[in-house]
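This is the structure I have questions about; it appears just below.
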Amino acid sequence: SQAQITGVKTIPGDYASMAAAFTDLNLQGVGAGGATFNVAAGYTENLSAALLLSITTNTPTESNPLIFQKSGVGANPLITAHTGVSLTVDGIIVLDGVDYVTFDGIDVQENVANVTATAQMEWGYALVKSSATNGSQHNTIKNAVITLNKLNTASVGIYSANHTSLVNTGLTISNASGTNSFNRFYNNTVQNTYIGIAILGFASAAPFDFYDQSNEIGIDGISPNPNQILNFGGGAITVDGINVTGQNKIKIFNTTINNTAAPTSTSTMNGISLTTGTNSNVDIYNNTITLTSQSITGSNLIGINNAIGASGAGNTVNIYNNTVTGCTYPTNTSGIFRAITSSVTATYTNIYNNTITNNTIPGSGEFSGIYYSGSSATLCLVVNINGNTISGNTKTGISGTMNCIYASASTATTNTINNQVFNNSNATSSGPLYGYYNFAVGYIETIYDNQFYNNTGGTGESIMIDARSGSGPTNKEIYNNLIYNITGTANSSTVAAIRIDYATVLNCYKNNIYNISNLAATTAAPGSSAIILGTNVNTQPTIYN
């Protein structure tokens, strides 16, 4: 018979080391009421092998949980990595298809003696699967500092993925028990890794039931400290602060992402990147993102890049209360910068109360504060963009478009409300400046109670509300907007408050517009200044302002 481990244990004390505790747990499992391991503050341990938890009998459950936690006052316990043997599957602490395990205040770090990619760790903490029917679920990692070596481009601070601990070949999941779901990653600091956090689920086919479900990256509501992902990337392949794929009901919140410590990356970079999730629900909120890129090859720099939630059949994508600030790209020649982008046709997309401020981007590539693009010939979409502040941003290149807010969607109802767009500049560029630009076919567009002011363009057109719809039928309601101090320089082609292109039903009224000016217009290069421009509109528009 086996004596399952129960009650409160100490390290050091009842067990001399974390490694000894893991060995016993893998052999005996957890008994009634669960087990709690109190690891002494200031405790350190150098590993000779990974701490691999692979309990197969008497596994932890909701009523019999397993907890490793810091005990006492002082520094967090610190676990230093062993010498790795792989380029793909070396980790410090690894959960192998185990559920209901919590690590609270247990730090992990790379060993400075590991100087080759083979010897170095790919994972700080990892959640993997023992089989296609046994994933890691209901686990929590919190209050930890995770430090690896970002020179290893395979290094990830917290890692959850669809494979076993032995090889990174993807599994084919046919049961919800094979997903890594309901896991929580709270109040952690991840630093000096190439990727901060990666949550990678199975690319489930219809009806998409075997995505990971309801994972969360954020805070637990107790700690005042946010998750932090710091000093990541630095190489020539794509880098993400947070990388998420194959998820439904994912939440990413209260996380600070900052990679400004040198060396910074020379390839495409995303603060938060989400891909693969048909009809998935997504919540991204209360995050603060500051990024710096050193690419000179036209790579993109994106704060929040959401591509989860496609082909919506009742799902919702919420992106709100995020701040993207202080992003720089000093070496850029043609790369795109987007602070927040969502490029999927979710049924409901809500982008609201975000702040995008003081980002400075050179080059000929596009600059977009908020960028929404979704297209569908069959789905009816609702897109709400409201309460956002886009201010103090500068595009310094000699060409390229600057969109403060961009929206493009077919067969959608688009509501743009209560946004403030001010003190933005594309003054050195021959490209256009748009406060709000919408291009789509066949939908209802409502733009009201927005403020656009103190924005400056260059030689391209400068237009604050540019409401277009291709050649399809559309209804437009544009009212109660405040637009003033809009300036074009260097013989700008057109400076206008509102442009309307294609409208079946058009009501443009009660807008307050003043100080629209093309400062450098001359007789030889007159340009134009206008309050409202309209083309291809119905013969009976209603316009009074």
Side-chain angles (χ1 to χ4, degrees), residues 26 50 52-57 59-62 65-66 86 88-91 93-102 122-141 154 156-185 195 197-217 240 242-252 272-283 306-317 344 346:
N26 288 335
L52 177 67
L53 200 61
S54 55
I55 302 171
T56 56
T57 60
T59 59
T61 64
E62 184 176 11
L66 175 59
S86 166
T88 55
V89 291
D90 290 316
I93 296 179
V94 181
L95 299 184
D96 186 12
V98 182
D99 306 334
Y100 293 100
V101 180
T102 295
E122 283 71 63
W123 318 321
Y125 280 92
L127 283 68
V128 292
K129 305 175 180 181
S130 62
S131 71
T133 57
N134 186 23
S136 295
Q137 301 185 356
H138 298 282
N139 299 296
T140 300
I141 299 167
V156 184
I158 297 175
Y159 180 82
S160 173
N162 179 47
H163 57 76
T164 70
S165 63
L166 299 177
V167 294
N168 63 354
T169 302
L171 300 169
T172 300
I173 307 303
S174 58
N175 191 293
S177 65
T179 65
N180 285 356
S181 296
F182 311 106
N183 297 301
R184 307 289 182 260
F185 310 104
I195 305 293
I197 299 176
I199 312 297
L200 313 176
F202 174 58
S204 179
F208 314 108
D209 292 342
F210 303 131
Y211 292 142
D212 292 347
Q213 303 289 322
S214 299
N215 290 310
E216 295 186 6
I217 301 169
D240 305 308
I242 296 175
N243 181 15
V244 168
T245 186
Q247 304 290 309
N248 180 39
K249 299 182 180 178
I250 181 78
K251 292 185 178 181
I252 302 172
I272 299 173
S273 177
L274 303 94
T275 59
T276 310
T278 300
N279 196 37
S280 295
N281 295 280
V282 181
D283 288 282
N306 177 58
I308 282 184
S311 303
N315 69 318
T316 300
V317 170
V344 291

Approximate separation, where rounding is to 0.5 Å, of His138 NE2 and Phe182 CZ: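 Rounded to the nearest 0.5 Å, the NE2-CZ separation comes out at 5.0 Å.
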Nearest-0.5 Å distance, CG of residue Leu166 to OG of residue Ser130: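 OG of Ser130 is found 10.5 Å from CG of Leu166.
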Partner residues of Thr245 under the side-chain contact (heavy atoms from CB on, under 4.5 Å) criterion, sequence neighbours left out: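 Testing Thr245 for side-chain contact (heavy atoms from CB on, under 4.5 Å), a comparison that skips the adjacent residues, returns Leu200, Thr275, Thr276.
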Distance-only donor-acceptor check, side chains Thr179 and Gln137, under 3.5 Å: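 Distance-only check passes for Thr179 and Gln137.
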Value rounded to 0.5 Å, distance of CG in Asp283 from CD1 in Ile252: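 These two atoms lie 10.0 Å from each other.
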Side chain proximity check, Glu122 to Asn168, heavy atoms < 4.5 angstrom: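 No. Closest side-chain heavy atoms not under 4.5 Å.
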Test item: Asn162 side-chain N/O and Gly170 main-chain N/O as donor-acceptor pair under 3.5 Å: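 Checked: no pair found.
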Flag, side chain of Asn26 to backbone of Ser54, donor-acceptor distance under 3.5 Å: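 Yes, the answer is positive, given that a donor and an acceptor are paired below the 3.5 Å cut-off.
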Student check: side-chain heavy atoms of Leu66 and Ile55 closer than 4.5 Å: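 Yes, side chains in contact.
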Positive for side-chain hydrogen bond (donor to acceptor under 3.5 Å, both in side chains) with Gln247, one of Asn180, Asp212, Asn281: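 Only match with Gln247 under side-chain hydrogen bond (donor to acceptor under 3.5 Å, both in side chains): Asp212.
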Side chain to side chain donor-acceptor pair (under 3.5 Å) partners for Ser177, two or more places apart: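 Here the qualifying residues are Asn175.
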Any side-chain heavy-atom pair of Asn306 and Val344 under 4.5 Å: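 Contact flag for Asn306/Val344 side chains = yes.
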Residue of the set Val128, Leu52, Leu127 for which side-chain contact (heavy atoms from CB on, under 4.5 Å) holds with Leu95: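 Among Val128, Leu52, Leu127, the one that satisfies the side-chain contact (heavy atoms from CB on, under 4.5 Å) with Leu95 is Leu127.
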Closest non-hydrogen atom pair between Ile217 and Ile199, with its separation: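 Looking at all heavy atoms of both residues, the shortest contact is CD1-CG1, 4.0 Å.
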By side-chain contact (heavy atoms from CB on, under 4.5 Å) - contacts of Ala50 (at least two apart):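 Per chain and number, Ala50 pairs via side-chain contact (heavy atoms from CB on, under 4.5 Å) with His82.
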Polar side-chain atom of Ser280 near backbone of Gly309 as donor-acceptor pair, under 3.5 Å: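 Looks like no, no N/O pair under 3.5 Å.
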For Tyr159, all residues meeting ring pair (Phe, Tyr, Trp, His ring centres under 6.0 Å), sequence neighbours excluded: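 Applying ring pair (Phe, Tyr, Trp, His ring centres under 6.0 Å) to Tyr159 gives Trp123, His163.
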Contacts of Val98 that satisfy side-chain contact (heavy atoms from CB on, under 4.5 Å) - sequence neighbours left out: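 Residues passing side-chain contact (heavy atoms from CB on, under 4.5 Å) with Val98: Leu53, Pro60, Val101.
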Shortest non-hydrogen contact from Ser136 toward Asp96: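 That closest heavy-atom pairing would be OG-C, 4.2 Å.
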CD1 on Ile158 to OH on Tyr125, rounded to 0.5 Å: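 CD1 of Ile158 is found 8.5 Å from OH of Tyr125.
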CD1-CD distance between Ile250 and Gln213, expressed to the nearest 0.5 angstrom: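 The distance works out to 10.0 Å.
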Derivation and outcome, side chain to side chain contact (heavy atoms under 4.5 Å, CB included), residues Thr278 and Tyr211: CA-CA 10 Å; Thr278 300; Tyr211 292 142; 3.7 Å; yes
Inter-residue atom distance Ile272.CD1 - Ile197.CD1, 0.5 Å rounding: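 Answer for the CD1-CD1 pair, Ile272 versus Ile197, is 9.5 Å.
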Pairing residues for Asn279 by the side-chain contact (heavy atoms from CB on, under 4.5 Å) criterion, not counting sequence neighbours: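 Counting only residues at least two positions away or on another chain, Asn279 forms a side-chain contact (heavy atoms from CB on, under 4.5 Å) with Ala313, Asn315.
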